[in-house]
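Structure first, then comments.
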Protein chains: 2
Amino acid sequence: MVSDTRRKLLDGAIASLRDNGIAGVSARVIAAAAGVNQALIFYHFGSVSELIDAACREAAAGQVAAYRPRFEAVSSLRELLVLGQELHARQREAGNVAVLAQVLAGAPYDSRLAGAARSALLLWAGEIESTLQRLLDGTPVAEVADVVALARVVTAAFIGIELYEGADPDSAAAAFAALGQLSVLVEVFDELGPVARRAVRSRIRRARGSARPRRSAPA
Amino acid sequence: MVSDTRRKLLDGAIASLRDNGIAGVSARVIAAAAGVNQALIFYHFGSVSELIDAACREAAAGQVAAYRPRFEAVSSLRELLVLGQELHARQREAGNVAVLAQVLAGAPYDSRLAGAARSALLLWAGEIESTLQRLLDGTPVAEVADVVALARVVTAAFIGIELYEGADPDSAAAAFAALGQLSVLVEVFDELGPVARRAVRSRIRRARGSARPRRSAPA
DNA sequence: GTCTATAGAGGGATAGAC
DNA sequence: GTCTATCCCTCTATAGAC
């Protein structure tokens with residue numbers, strides 16, 4: 001059972017990150033958002049970075065768990081996209097993806113943040129990965145695409161769009177629309193069935209000669 | 001002609017953003033990197049945000065101009081990807097994409113940074129857009145994809161991968177590999193020619209009924 | 001245009017009373 | 001566990017000498 005103050009601080013950290021950005025968070029800002037004394041951050045978590053680390057891990061785990069049934073209900077790429085758009089829209093209220101983007105921006109300069117970011121990315125990418133695995137299994141696309149890696153591009157693109165949104169909301173909307181178009185393309189491709197499969201196989205044979213071989217799924 | 005001090009400050013701002021992140025830059029840090037007195041930032045630019053704004057716009061314009069011939073020489077999606085990977089690798093030295101990611105992270109909380117980020121994104125996305133336009137013109141993919149929007153997803157994905165790299169370098173490499181696989185898919189698709197075209201057209205007709213209509217290119 | 005010095009706010013972190 | 005008070009540092013920005 002997490003004590004009341006710890007709870008408030010974890011929530012306050014996420015709220016501050018969302019409202020002030022990684023450049024605007026501080027012990028005082030977080031404590032004010034949490035409604036507790038500033039010194040308690042150091043008593044309970046040791047430092048601001050450690051608090052953010054804990055808050056980010058917890059929030060990501062909770063969010064991913066909450067969306068798991070939704071991911072499991074998805075039965076096509078376009079449904080996955082719709083889920084992504086909903087997730088993006090909900091960010092206005094909860095802001096968890098925006099928070100992740102902020103932590104990610106700070107990661108290269110703070111090892112605690114890096115750990116938190118890695119943990120959150122793994123959770124989200126894992127969820128996307130198992131969904132893609134299920135959707136693409138046995139399709140021609142699966143022959144050419146490494147699903148693990150694909151899940152990571154999708155995750156990266158999602159975060160990129162989130163950041164894009166902060167600077168240029170209209171363009172971000174257009175980017176989402178384009179993702180939808182790409183998913184249509186993949187679906188059409190899969191509907192081509194054997195024709196596509198043959199073309200893919202012959203292309204891969206050709207590519208093997210000149211390009212580096214396709215990597216197997218990393219750990 | 002940009003004065004010597006202004007020049008040093010513009011360079012120092014980019015270097016500091018790259019080395020310290022948006023959360024770690026300050027007038028003192030930038031002045032130290034530039035090797036000039038801290039007070040000169042305010043004399044020449046008015047504020048730290050305004051300096052970053054100017055530096056970011058200038059750097060983006062310079063980088064895009066420098067890469068323009070390379071973009072123009074690209075003749076396939078996979079070549080475009082190779083160019084992207086090279087650009088990504090060069091970031092270890094110049095760090096301009098990482099800088100853009102940092103500015104982007106700060107954009108929602110600072111209108112100056114937002115302007116700088118918008119400007120840089122427009123430049124990069126524009127370059128990618130005209131390249132894609134050239135590569136995809138007349139292909140089946142062009143029938144389903146809005147090139148303007150597509151360029152923005154690619155830009156967003158690129159930035160997302162850059163951030164991903166800061167937290168989890170191995171995964172970022174995997175993400176790049178997946179982009180390569182997607183470009184193979186698109187190429188195979190285009191090689192299918194009339195078959196793909198017919199499938200796309202019929203799919204679009206079906207989609208028009210249930211989904212919202214495809215948007216025309218925004219301004 | 002460049003410097004020193006400094007005002008005044010806010011930062012992380014700790015000591016010690018309760 | 002929580003509080004106040006505080007140390008000492010860094011921050012932006014400006015004033016004023018040169």
Side-chain angles (χ1 to χ4, degrees), chain A residues 1-56 58 102-103 105-107 109-116, chain B residues 1-56 58 102-103 105-107 109-116:
Chain A
M1 169 72 189
V2 180
S3 82
D4 198 45
T5 297
R6 281 183 71 91
R7 180 69 277 132
K8 286 181 189 165
L9 282 172
L10 290 167
D11 294 342
I14 297 296
S16 302
L17 228 28
R18 181 189 59 225
D19 298 340
N20 301 95
I22 188 69
V25 286
S26 73
R28 286 167 159 82
V29 166
I30 293 174
V36 306
N37 190 283
Q38 177 252 127
L40 293 173
I41 289 173
F42 303 95
Y43 176 79
H44 285 286
F45 295 94
S47 72
V48 174
S49 290
E50 285 167 288
L51 164 56
I52 292 175
D53 185 7
C56 186
E58 196 211 42
Q102 291 298 316
V103 172
Y109 315 101
D110 182 325
S111 62
R112 290 260 165 206
L113 296 185
Chain B
M1 168 73 188
V2 180
S3 83
D4 197 46
T5 297
R6 281 182 72 92
R7 178 73 275 131
K8 287 179 188 166
L9 281 172
L10 291 167
D11 294 342
I14 298 295
S16 302
L17 227 28
R18 180 189 61 225
D19 298 340
N20 301 96
I22 188 70
V25 286
S26 73
R28 284 165 156 80
V29 166
I30 293 174
V36 306
N37 190 282
Q38 177 251 132
L40 293 174
I41 288 174
F42 304 95
Y43 175 79
H44 284 287
F45 296 93
S47 71
V48 173
S49 291
E50 284 166 288
L51 164 56
I52 292 176
D53 186 7
C56 185
E58 195 210 41
Q102 291 299 318
V103 173
Y109 315 101
D110 183 326
S111 64
R112 289 262 166 204
L113 295 185

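Just so we're on the same page: letters track the sequence lines, and every chain starts at 1.
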Checklist entry - At what distance, to the nearest 0.5 angstrom, does OG of B:Ser26 lie from CD of B:Gln38? => result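 Going from the OG atom of B:Ser26 to the CD atom of B:Gln38 covers 8.0 Å.
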Checklist entry - For the atom pair CZ (A:Phe45) and CG (A:Leu40), what is the distance rounded to the nearest 0.5 Å? => result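 Answer for the CZ-CG pair, A:Phe45 versus A:Leu40, is 10.5 Å.
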Atom-to-atom span, [atom1] of [X] to [atom2] of [N] - whole angstrom:
| X | N | atom1 | atom2 | value |
| --- | --- | --- | --- | --- |
| B:Phe42 | D:dG16 | CZ | C1' | 17 Å |
| B:Asn20 | D:dC11 | CG | C1' | 14 Å |
| A:His44 | C:dT14 | NE2 | P | 15 Å |
| A:Phe45 | C:dG12 | CZ | P | 15 Å |
| B:Ile41 | C:dT2 | CD1 | C1' | 14 Å |
| A:Arg6 | D:dT2 | CZ | C1' | 15 Å |

Checklist entry - Looking at residues at least two apart in the chain, or sitting in another chain, which of them share a salt bridge (Lys or Arg N to Asp or Glu O under 4.0 Å) with A:Arg7? => result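 Counting only residues at least two positions away or on another chain, A:Arg7 forms a salt bridge (Lys or Arg N to Asp or Glu O under 4.0 Å) with A:Asp11, A:Glu58.
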Checklist entry - Can you give one letter per nucleotide of nucleotides 3-11 of chain C, going 5' to 3': B for a protein heavy atom under 4.0 Å from the base, S for sugar-phosphate only, - for none? => result SB------B
Next on the checklist: Please give me the minimum heavy-atom distance between A:Cys56 and A:Ala116, naming the atom from each residue.
Outcome noted: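 Here A:Cys56 and A:Ala116 meet closest at CB-CB, 4.0 Å.
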Item to check | C:dG12 OP1/OP2 closer than 4.0 Å to side-chain N/O of A:Ser47 | outcome: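 No, outside the criterion.
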Next on the checklist: Less than 4.0 angstrom between a side-chain N/O of A:Ser3 and OP1 or OP2 of D:dG1, yes or no?
Outcome noted: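 A:Ser3 to D:dG1 OP1/OP2: no side-chain N or O under 4.0 Å.
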Item to check | Shortest side-chain distance from A:Tyr43, nucleotide among C:dT2, C:dT14, D:dG1 | outcome: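 Nearest to the side chain of A:Tyr43 among the choices is D:dG1.
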Checklist entry - Pick from B:Asp110, B:Leu10, B:Leu17, B:Ile14: which one makes a side chain to side chain contact (heavy atoms under 4.5 Å, CB included) with B:Ile52? => result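 Result: among B:Asp110, B:Leu10, B:Leu17, B:Ile14, B:Leu17 is the only option passing the side chain to side chain contact (heavy atoms under 4.5 Å, CB included) with B:Ile52.
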Checklist entry - Distance-only, no hydrogens or angles: does the A:Gln102 side chain make a donor-acceptor pair with backbone N or O of A:Ile22 under 3.5 Å? => result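 Indeed, once roles are kept as given, a pair shorter than 3.5 Å links the two residues.
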